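A, B, ... follow the sequence lines: proteins, then strands. Residue 1 opens every chain. This one's a predicted model, so the numbers in the text were calculated from it and none came from an experiment.
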There are 2 protein chains.
Amino acid sequence: MDERKRRVLQAIILDYIATADPVGSRTIAKKYNLGVSPATVRNEMADLEEMGLIEQPHTSAGRIPSQSGYRYYVDCLMEKEPVRNETREMIRGALLNRMRETEALIQMSGKLLSQLTSYTTLVLAPSMGQNTLRHIQFLPVEREKAVMVIVLDNGHVEHRLIEAPEGLNEEDFHSISQLLNQHIRGLSLENWRASVMQTIYRDLDYHRDLLGKFIAQVENSLLVGQDQKVYLGGALNILNQPEFKDIDKVKTLMELLEEESLMKEVLSPTDEDGVTVRIGTENMYEGLKDCSLITATYRFDGKIIGTLGVLGPTRMEYSKAISVLDFLTKALSEGLNKL
Amino acid sequence: MDERKRRVLQAIILDYIATADPVGSRTIAKKYNLGVSPATVRNEMADLEEMGLIEQPHTSAGRIPSQSGYRYYVDCLMEKEPVRNETREMIRGALLNRMRETEALIQMSGKLLSQLTSYTTLVLAPSMGQNTLRHIQFLPVEREKAVMVIVLDNGHVEHRLIEAPEGLNEEDFHSISQLLNQHIRGLSLENWRASVMQTIYRDLDYHRDLLGKFIAQVENSLLVGQDQKVYLGGALNILNQPEFKDIDKVKTLMELLEEESLMKEVLSPTDEDGVTVRIGTENMYEGLKDCSLITATYRFDGKIIGTLGVLGPTRMEYSKAISVLDFLTKALSEGLNKL
DNA sequence: TTTAGCACTCAAAAGAGGCGAGTGCTAACA
DNA sequence: TGTTAGCACTCGCCTCTTTTGAGTGCTAAA
C-alpha cells in the first residue's frame with residue numbers, strides 16, 4: 001500500500017462522501033491533482049479493488065468505497081477535523097442554559113448533536129440505578145394517594161404517585177419519611193435490598209397492618225423505572241440522505257430506531273475509550289447494515305454513565321461527526337460534573 | 001340527487017378508500033350490484049362530476065372523490081360504524097392500567113388511537129393553568145438547591161428545581177411551605193397573581209433579604225411551563241399510505257407536525273360538540289391540504305380540557321376513525337373524572 | 001330510460017436506440 | 001519498470017416510440 005494508492009483511495013472516499021456518485025478515474029486525476037493520468041489512476045484503482053477497499057456497482061460505473069474501504073479510511077487515512085470555534089461556542093452556550101437538571105442537559109446534547117451533524121442521533125441516558133439515594137419524602141396528595149419524592153446523589157429528582165392507606169395524617173408521612181431516610185440514604189437504587197425494607201417495617205411497629213401495603217408499594221415503586229432511557233433526535237434528517245429515498249428503507253430503519261430495548265443494546269458502552277465507529281455490518285443488527293454508528297461515552301464522577309451516538313449512512317462525514325461528537329461528549333461530561 | 005346517484009357516489013368513495021385506485025363504471029356495476037349496466041353508471045358519474053362531487057385524474061381513468069365528495073359523504077352518506085367489542089375492551093383495559101396519573105392516561109389515549117386506526121394521532125393535553133393549587137412544598141436537595149413539589153386539584157403532581165439561598169434549614173423550608181399553602185391553595189395557576197406573592201413576602205419578614213431571591217424564583221417557576229403540550233403518535237403510519245410514497249411530501253408533513261405551536265392551533269377546540277372533521281383545504285394549513293383531520297374534545301369536570309385528533313390522507317376511513325375517536329374520547333373523559 | 005356497441009383517449013408499461021461515463025487491455029514511450 | 005495514449009467494449013440511463021388496456025362519451029336500438 002504505497003503513498004499514491006492511499007491518496008487515490010482517500011480521493012475516492014472524500015468525493016463519494018461529498019457527492020454520493022461513483023467516482024471515476026478522470027475525476028480523481030483532475031480534481032485531486034495527483035499529477036498522473038487517468039490511466040495510471042485506473043491501474044491503482046484495479047489494485048485497490050483487488051484489495052477489497054473499493055468496488056464497482058456495475059462494469060461501466062466509477063468506484064465506490066467498500067465497507068473495508070471506509071474502515072481503512074477511518075483507521076488510517078482520515079485527517080482530524082478541528083471543531084469550528086462557533087460550534088464550540090454554540091455547544092457551550094446551549095449546555096450552560098441547561099445547567100439545572102441532568103436530564104435536560106443530556107437531552108440537549110442529543111439535540112445539539114443532530115443539529116450540528118445533520119444526522120440522526122441517539123442518546124443513552126444514565127440509569128438511575130447506580131445512583132445513591134440522598135433523600136426520600138412523602139407528601140399526602142388526596143385521600144388514599146401520596147407522592148413520593150426521591151432525590152438522588154447526582155441531584156436528580158423524581159416523583160412517583162403511590163397509594164396510601166386512609167388514616168395517615170401529615171405527621172405520619174413526616175415520620176415515615178424520616179425513618180426511611182435513616183435507613184435508605186446512601187444506598188443505590190440497584191443495590192438497595194428488600195431486607196432494609198423489613199427492618200423499616202419492623203421499626204414501624206405501630207399501625208403495622210395499616211402500613212403493610214404502603215411499604216410494599218414504596219418497595220415496588222423504587223424498583224420500577226430504573227432502566228436507561230434512549231432519546232432519538234433529528235430522525236427526519238434521515239430523509240435527506242439519498243440512500244434513503246426509498247420509503248420502505250426509511251420505514252424499516254425508523255421502526256428499528258424506535259425499538260428502545262434494541263437501541264439500548266446498540267448503545268451499550270464498549271470497553272474502548274473515546275469514540276467508537278461501527279461501519280455497516282459491524283453493527284450487530286441487519287437493519288443497520290447500510291448505516292454507520294459513531295458512539296462516545298460520557299462520564300460522571302469518573303464513571304461511564306451513558307452514550308451519545310450519531311447515525312448516518314455508511315457514506316457519512318466521519319471526520320466531522322467524530323470531531324463534533326468528541327467535543328460534545330467532553331463538554332457534556334464536564335457539564336455534568338460541574339452540576 | 002336521487003337515490004341511485006347517492007349509491008353510485010357511495011360506491012365510488014368506499015372503493016377508492018379501500019383501494020386508492022380510481023374507480024371505473026364497470027367495477028361499480030359489478031362489485032356493488034346496483035342492478036344496472038356500466039353505461040348507466042357512466043351517465044350517473046357524468047352527472048356527479050358535473051356536481052363537483054367526483055373528478056377524473058385524466059381522461060381515460062376512473063373517478064376519484066373530490067373534496068366536496070368526501071364532505072357530502074361524511075355529512076350525508078356515511079353509515080355509523082359500531083365500535084367492535086374487542087376494541088371497546090382493549091380501550092377500557094388499557095386506560096384502566098393508567099388510572100393513576102392524568103398525563104399517562106392522556107398519552108395512552110393517543111397511543112391507542114394510532115394503534116386502532118393505523119393513522120397518525122395528535123393529542124392536545126390540558127394546560128395546567130386552569131387547575132387550582134392544592135399543595136405546594138419545598139424540599140432541600142443540596143447546597144443552594146431545593147425542589148418545589150406542586151400538587152394540583154386534578155391530582156397532577158409536578159416538581160421543579162429552584163435555587164435556594166444558603167442558610168435555610170429544613171425547618172425554614174417547612175415553614176415557607178406552610179405559609180405558601182395558606183395563601184396559594186385554591187388559586188389556579190392562571191389566575192394566581194403576583195400580589196399574593198407580595199403578601200407572602202411581607203409575612204416572611206424575618207430573613208427578608210435572604211428570601212427575596214428565593215420567592216422571586218418560586219414566582220417565576222409557577223409561571224413557566226403552563227402551556228398545553230402536543231403529543232404525536234404513530235407518525236410512521238404515514239409511510240403506509242400510498243399518497244405519501246414521495247419522500248418530500250413525507251418530510252414536509254412531518255416537519256409541520258413537529259411544529260408544536262402550529263399543531264396546538266390546529267387542535268384548539270371548536271365550538272361544536274362531538275367529533276369534527278376537516279377535509280383537505282378545510283384545514284387552515286397548506287401542508288395539510290392532502291390530509292383530513294378528525295378531532296374530538298375531552299372533558300374534565302364538564303369543561304373541555306383537551307383534544308384528540310386523527311390525521312390521515314383525505315382518502316381515509318372516516319367512519320371507522322370517527323367511531324373509534326368518539327368512543328375513545330368518551331372513555332377518556334370518563335376515566336379522567338373517575339380519577 | 002336503459003343498454004349494447006364502438007370509436008376514442010391517455011397513462012403506464014414495454015421496447016429500441018443512442019449517449020456517455022467509465023472500464024480494461026495493449027502497445028509505445030521515458 | 002512504471003507511465004500514458006489509444007481504443008474497443010460495457011452497460012446504466014435517458015429519450016423516443018409503440019403497444020396495451022382500462023376507461024370514457026356518444027349514438028342508436030331496445
Legend entry - Phosphate OP1/OP2 of dT23(C) contacted by Arg63(A) side-chain N/O (<4.0 Å): yes
Legend entry - Ile28(B) CD1 to dG23(D) P, straight-line distance once rounded to whole Å: 10 Å
Inset, instruction - Find the distance between CD1 (Ile91(B)) and NZ (Lys330(B)) and round it off to the nearest 0.5 Å. - result: 12.0 Å
Inset, instruction - Measure the spacing between CG of Leu262(A) and CG of Leu257(A) and express it to the nearest 0.5 Å. - result: 10.0 Å
Inset, instruction - Nearest whole angstrom, please: distance from the P of dT24(D) to the CD1 of Ile64(B). - result: 13 Å
Legend entry - Positions of residues 9-26 of chain B (non-hydrogen atom under 4.0 Å from DNA chain C), listed by number: none
Legend entry - Between C1' of dG2(D) and CG of Asp47(A), the distance in whole Å: 12 Å
Legend entry - Beyond-backbone contact of Tyr119(A) with Pro313(A), side-chain heavy atoms, under 4.5 angstrom: yes
Legend entry - Value rounded to 0.5 Å, distance of CG in Leu48(B) from OG in Ser68(B): 11.5 Å
Inset, instruction - Heavy atoms under 4.0 Å is the rule here; annotate nucleotides 1-16 of chain C 5' to 3' with B where the base is hit, S where only the sugar-phosphate is, and - elsewhere. - result: -SBBB---BBS-----
Legend entry - CG-CG distance between Leu253(A) and Leu288(A), expressed to the nearest 0.5 angstrom: 6.5 Å
Legend entry - Spacing between Glu49(B) atom CD and dG25(D) atom C1', to the nearest angstrom: 11 Å
Inset, instruction - Measure from CG on Leu48(B) to P on dG25(D) and round the result to the nearest Å. - result: 12 Å
Inset, instruction - Measure from CE on Met45(B) to P on dG23(D) and round the result to the nearest Å. - result: 9 Å
Inset, instruction - Check for a donor-acceptor pair, side chain of Gln67(B) on one end and backbone N or O of Ile279(B) on the other, with a separation under 3.5 Å. - result: yes
Inset, instruction - Please determine if Arg7(A) and Glu3(A) form a salt bridge, counting it only when a charged side-chain N lies under 4.0 Å from a carboxylate O. - result: no
Inset, instruction - Measure the distance from NZ on Lys30(B) to P on dA22(D) and round it to the nearest whole Å. - result: 11 Å
Inset, instruction - Would you mind reading off the distance between Asp2(A) atom CG and dT1(D) atom P, rounded to a whole angstrom? - result: 16 Å
Legend entry - Verdict with reasoning, Arg63(B) to Glu55(B), per salt bridge (charged side-chain N to carboxylate O under 4.0 Å, His left out): CA-CA 5 Å; Arg63(B) 303 305 214 288; Glu55(B) 48 198 27; over 6 Å; no
Legend entry - Criterion side-chain contact (heavy atoms from CB on, under 4.5 Å) against Leu328(A), the qualifying member of Thr87(A), Val310(A), Leu113(A): Leu113(A)
